[in-house]
Amino acid sequence: MSILVLNAGSSTLKYAVFDQSTCGELASGIAILDGLSESTQLRLQYGEVQQTDTVAGIAGYSEAMAWILGRLKPLVDDDPIHAVGHRVVHGGTEFSQATLVDARVCESIHRLSMLAPLHNPLALSLIETVQTMIPSAKHVAVFDTSFFTQLPKRAWLYPLPYEWYEQYGIRRFGFHGISHAYCAERAADLLNRKDDALLRLVICHLGNGCSATAVRGALPVSTTMGFTPLEGLMMGTRSGSVDPGIPMHLIQHLGLTATQVEETLNRQSGLLGVSGVSSDFREVELAAASGDGRATLAIEMFADRIRSTIGAMTVTLGGIDGLVFTAGIGEHSATLRSRVCSGLDCIGLQIHEGKNEANQCNRDIAEENSTGSIFIVRTMEETAIAREVKRLLTQQRTTGSS
């Protein structure tokens, strides 16, 4: 039997199939849905075999899933899909671990959509679609927020009237938890300090969405994303943290609606808003290299905010044993890593530019005299989700629950 894992983003759908007994990957791929084009690129890798199709007329995830399942069918005929693991961004405080999908879970995902408007609606739509396509499979939701249910109260409570937390549930939730948990475990392995409760890590998940987390041992101590995935670091199209007086000023004095402000902060800000070029960091880098001043400014702002956050989290931890760069930008942009680490010698971190340029994952790229390690870690969210699905199903078999 096998596990299908689905990881839905705003314009991509990553998928992978794993052997349920070993969680070894059997096949993987991605559907890239670009709303600006009339075609969709779909990729599949199975062992050494790679297949890429560009298909016209795919309007959304439902059609993409039909293509994916059609391509996977010959591969899983003898090893049918027994379970489907779905990445869900916002689970509030209700879900501290992977959970079987039922009507109550779907209602919670829907209710929390207002706090994760770029993510939860897509995840829920995909769950409902795939439930009809593979009705015999067990469907499991794995939440990005689960890792952060372990945050200390002083880290998740905002300095607002306490009644707002009690009455309205206003608190920090944290996101990218699947990635942060995986990278914390991987960094501990690389440092040969697994199960070391004193290990101090700062993990920078830098993609279209960006967040940083301070981890002591295997537990989160602090994280940048908050009540919604809008808070914290500057991102591809999201502003990150800004003066809360700005939205109020725009609404009260300049005539913008709350909907307009929310749309701008989520979809028209960050790298895109400052550079005027793109939300794709690669395109912003190219524009900066050609002399575009606003693109250069966007990169400088991006790096400055990441660097200052690393410094703050290092103080929170009382020092740092390892800094981790992960996700699309963190894994692939040597220039960004170099910019971020420039100046971190004040906390004992020194990057080796040659090792940094080599861009090899799961390797220490710090100078020999650096007091802490610097790692590029390829985050493997799909593998982490498969392991969570296996753990849940094994637990159910052990307890005899359905």
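Between the side chain of Glu331 and the backbone N or O of Ala327, at least one donor-acceptor pair lies under 3.5 Å. When atom types are taken as modelled, the side chain of Thr326 and the backbone of Thr379 share a donor-acceptor pair closer than 3.5 angstrom. Counting only distance, with no hydrogens or angles, the side chain of Asn7 and the backbone of Arg87 share no donor-acceptor pair below 3.5 Å. A donor-acceptor pair is defined here as one N or O able to donate and one able to accept, closer than 3.5 Å; no such pair exists between the side chain of Ser269 and the backbone of Arg238. No donor-acceptor pair under 3.5 Å is formed between the side chain of Thr22 and the backbone N or O of Gln20. Without hydrogens or angle criteria, Arg363 side chain to Ala358 main chain gives no donor-acceptor distance under 3.5 Å.
The ring of Trp156 has its center closer than 6.0 angstrom to the ring center of Tyr165. Ring pair Phe302/Phe281: centre-to-centre distance below 6.0 Å. Outside the 6.0 Å centre-distance limit, the rings of Phe143 and His90 are not counted as a close aromatic pair.
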Checklist entry - What's the verdict on side chain to side chain donor-acceptor pair (under 3.5 Å) for His205 and Ser211, showing C-alpha distance, side-chain angles and the deciding distance? => result CA-CA 5 Å; His205 178 107; Ser211 63; 5.5 Å; no
Item to check | From CA spacing to verdict: salt bridge (Lys or Arg N to Asp or Glu O under 4.0 Å), Lys355, Glu367 | outcome: CA-CA 9 Å; Lys355 294 176 182 178; Glu367 291 275 11; over 6 Å; no
Item to check | Asn120 and Arg111: CA distance, side-chain angles, deciding distance, side chain to side chain donor-acceptor pair (under 3.5 Å) verdict | outcome: CA-CA 9 Å; Asn120 271 34; Arg111 176 171 46 80; over 6 Å; no
Checklist entry - Could you go step by step and tell me if Phe325 and Val377 meet the side chain to side chain contact (heavy atoms under 4.5 Å, CB included) rule? => result CA-CA 6 Å; Phe325 289 97; Val377 173; over 6 Å; no
Item to check | CA sep, side-chain torsions, deciding dist, call: Val5, Tyr15, side chain to side chain contact (heavy atoms under 4.5 Å, CB included) | outcome: CA-CA 5 Å; Val5 171; Tyr15 63 96; over 6 Å; no
Item to check | Full working for side chain to side chain donor-acceptor pair (under 3.5 Å) between Ser108 and Glu94 | outcome: CA-CA 8 Å; Ser108 294; Glu94 298 174 53; 3.0 Å; yes
Next on the checklist: Go through it in stages, so that I can follow the logic: the residues are Ser370 and Gln350, the test is side chain to side chain donor-acceptor pair (under 3.5 Å), and I'd like the CA-CA distance, side-chain angles, deciding distance and then a yes or no.
Outcome noted: CA-CA 5 Å; Ser370 177; Gln350 297 182 45; over 6 Å; no
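With a 4.5 Å cut-off on side-chain heavy atoms, Leu336 and Val340 count as touching.
Donor-acceptor pairing under 3.5 Å is recorded for the side chains of Glu285 and Ser333. No hydrogens or angles considered: nothing links the side chains of Thr149 and Ser96 as a donor-acceptor pair under 3.5 Å.
Between the OG atom in Ser373 and the CZ atom in Arg193 there is a gap of 9.5 Å [rounded to 0.5 Å]. Rounding to the nearest 0.5 angstrom, the gap separating the CG atom in Leu126 from the CG atom in Leu13 is 6.0 Å. Atom-to-atom distance recorded for Thr316:OG1 and Met313:CE is 7.0 Å, nearest 0.5 angstrom.
Ionic pairing of Arg294 and Asp292 is not present here: no N-O contact between side-chain nitrogen and carboxylate oxygen is shorter than 4.0 angstrom. With salt bridges taken as basic N to acidic carboxylate O contacts below 4.0 Å, one links Glu231 and Arg172. The existence of a salt bridge linking Glu388 and Arg391 is confirmed by a sub-4.0 Å separation between a basic side-chain nitrogen and an acidic carboxylate oxygen.
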